[in-house]
There are 2 protein chains.
Amino acid sequence: MLSGAVFTALADATRRQIFELVAASPRSVADLADRVTVSRPAVSQHLRVLKDARLVSDRADGTRRVYALDDRGLRAARGYLERFWDRALHDFKQVAEAAARDERNRR
Amino acid sequence: MLSGAVFTALADATRRQIFELVAASPRSVADLADRVTVSRPAVSQHLRVLKDARLVSDRADGTRRVYALDDRGLRAARGYLERFWDRALHDFKQVAEAAARDERNRR
DNA sequence: GCATTGCGTCAGTCACGACTTACGGTAAGT
DNA sequence: ACTTACCGTAAGTCGTGACTGACGCAATGC
């Protein structure tokens, strides 16, 4: 289940911040470490989790490693959430209709 | 930031299972506890987290407590993810166009 | 009134994850 | 070749969260 990994990855605040920075524009590890309060190895570990969740992808650039947004993780999360979306609307519709019936019956 | 609570809530596998059961149809705590491997107090604690994340809502029914789907949490998660959705498509489009240019230049 | 059912909460245990420092390895500059 | 920049991983610490059993409380049935 990929969606589980995505939610786990986005659950941590620091990791979300790193993900948002990467999503804004592709960045190197050192670049990310400068903009975050944690150490560089911590950033590497967070990127590992994000990469496993298919939220980011990495490419080598000389001695640097540039991380960019990977939409596969977003797709997985969106797909999982949309399974409940129709049902939520449906339930709301049912409740609304029931309320309308009660309203009519009360007169 | 509500989305953080939603992702944290959906990160745990047991909690996702409980959430899916509630989303399928409103259920009591004992009903949920019967369909899950953990104890009833654990289910209560999971429901607490899901409720704080606005993923489920509870209503009293005699001595029972019926939990149902709350779409506010889903909305928050969807809103957060969609911030990156346009960008992901944009980046993909740029990459595709760059590849197309390379293809043309190579001839 | 008393027992029962259904839940929430408290206290305690235990595993996991977030973080740091230290280390090793690769690519570029001089 | 030597240094420097950049990065991933290993080892260890520490806090947090997932879980259980015990307890207390409110609502229903007899």
Side-chain angles (χ1 to χ4, degrees), chain A residues 1-22 25-70 73 77, chain B residues 1-22 25-70 73 77:
Chain A
M1 197 174 312
L2 182 60
S3 55
V6 176
F7 292 137
T8 301
L10 293 179
D12 184 75
T14 302
R15 204 151 46 216
R16 266 201 315 278
Q17 186 180 357
I18 293 174
F19 170 68
E20 292 168 6
L21 286 170
V22 169
S25 75
R27 299 179 196 274
S28 66
V29 179
D31 187 359
L32 289 169
D34 286 340
R35 305 171 188 270
V36 172
T37 61
V38 298
S39 68
R40 186 192 54 74
V43 173
S44 278
Q45 293 169 4
H46 283 309
L47 287 169
R48 172 90 150 125
V49 176
L50 291 171
K51 183 182 174 183
D52 289 342
R54 304 286 191 262
L55 284 168
V56 302
S57 61
D58 61 335
R59 110 183 97 92
D61 175 33
T63 159
R64 305 190 323 167
R65 282 217 139 228
V66 178
Y67 284 79
L69 181 64
D70 184 353
Chain B
M1 196 172 324
L2 181 60
S3 57
V6 176
F7 292 136
T8 301
L10 294 178
D12 185 74
T14 301
R15 204 151 46 215
R16 266 202 315 277
Q17 187 181 356
I18 294 175
F19 171 69
E20 293 168 6
L21 286 170
V22 170
S25 76
R27 299 178 197 275
S28 67
V29 179
D31 187 359
L32 290 169
D34 286 338
R35 305 172 189 270
V36 171
T37 61
V38 298
S39 68
R40 186 191 54 73
V43 173
S44 278
Q45 293 169 3
H46 283 308
L47 288 170
R48 171 90 149 123
V49 176
L50 291 171
K51 183 182 173 182
D52 288 344
R54 305 285 191 263
L55 284 167
V56 301
S57 61
D58 61 333
R59 108 181 100 91
D61 176 34
T63 161
R64 305 191 322 167
R65 220 136 224 289
V66 179
Y67 283 81
L69 180 63
D70 185 353

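Naming convention: chains lettered A, B, ... in sequence-line order (proteins, then strands); numbering from 1 in each chain. Only a predicted model underlies this, so the values are computations on that prediction, with no experimental measurement involved.
- Side chains of A:Leu10 and A:Leu55 form a contact here, defined as non-hydrogen atoms less than 4.5 Å apart.
- Within residues 5-21 of chain A, no residue is approached by DNA chain D to less than 4.0 Å at the level of any non-hydrogen atom.
- Taking every heavy atom of residues 29-40 of chain A and every atom of DNA chain D, pairs under 4.0 Å involve A:Val29, A:Ala30, A:Arg40, by number.
- Not a single side chain to side chain donor-acceptor pair (under 3.5 Å) links A:Arg54 to another residue, sequence neighbours left out.
- Applying the salt bridge (Lys or Arg N to Asp or Glu O under 4.0 Å) test to B:Asp12 and every residue at least two apart in sequence or in another chain returns nothing.
- Qualifying side chain to side chain donor-acceptor pair (under 3.5 Å) partners for A:Arg16, counting only residues two or more places apart in sequence or in other chains: none.
- Legend: side chain to side chain donor-acceptor pair (under 3.5 Å) pairs involving residues 27-42 of chain A, not counting sequence neighbours, sorted by first then second residue: A:Asp31-A:Arg35.
- Minimum heavy-atom separation, B:Ala9 to B:Ala53: CB-CB, 4.0 Å.
- Across the interface with DNA chain C, nearest-nucleotide mapping of A:His46 and A:Thr63 shows A:His46 to be the residue nearer the 5′ end.
- A search for side chain to side chain contact (heavy atoms under 4.5 Å, CB included) contacts involving A:Ala77 returns A:Val6, A:Phe7, B:Leu81, not counting sequence neighbours.
- In terms of heavy atoms, B:Ala33 sits closest to B:Val43 at CA-CG2, 3.9 Å.
- Annotation: side chain to side chain donor-acceptor pair (under 3.5 Å) contacts of B:Gln17 (sequence neighbours excluded): none.
- Considering only heavy atoms from C-beta on, B:Asp58 stays 4.5 Å or farther from B:Leu47 through its side chain.
- Distance alone, capped at 3.5 Å, is enough to place a donor-acceptor pair between the B:Arg15 side chain and the B:Thr8 backbone.
- Heavy-atom distances to DNA chain D give each of A:Pro41 and A:Arg64 a nearest nucleotide, and the one nearer the 5′ end belongs to A:Arg64.
- In 5' to 3' order, the nucleotides of DNA chain D bounding all contacts with chain A (an atom under 4.0 Å from a heavy atom) are D:dA5 to D:dA10.
- Legend: residues meeting side chain to side chain contact (heavy atoms under 4.5 Å, CB included) with A:Ser57, ordered by chain and number and at least two apart, are A:Ala68, A:Asp70.
- When DNA chain C is scanned 5' to 3' for any atom under 4.0 Å from a heavy atom of chain B, the first and last hits are C:dT5 to C:dC10.
- Applying the ring pair (Phe, Tyr, Trp, His ring centres under 6.0 Å) rule to A:Tyr67 yields no partners; only residues at least two apart in sequence or on another chain are considered.
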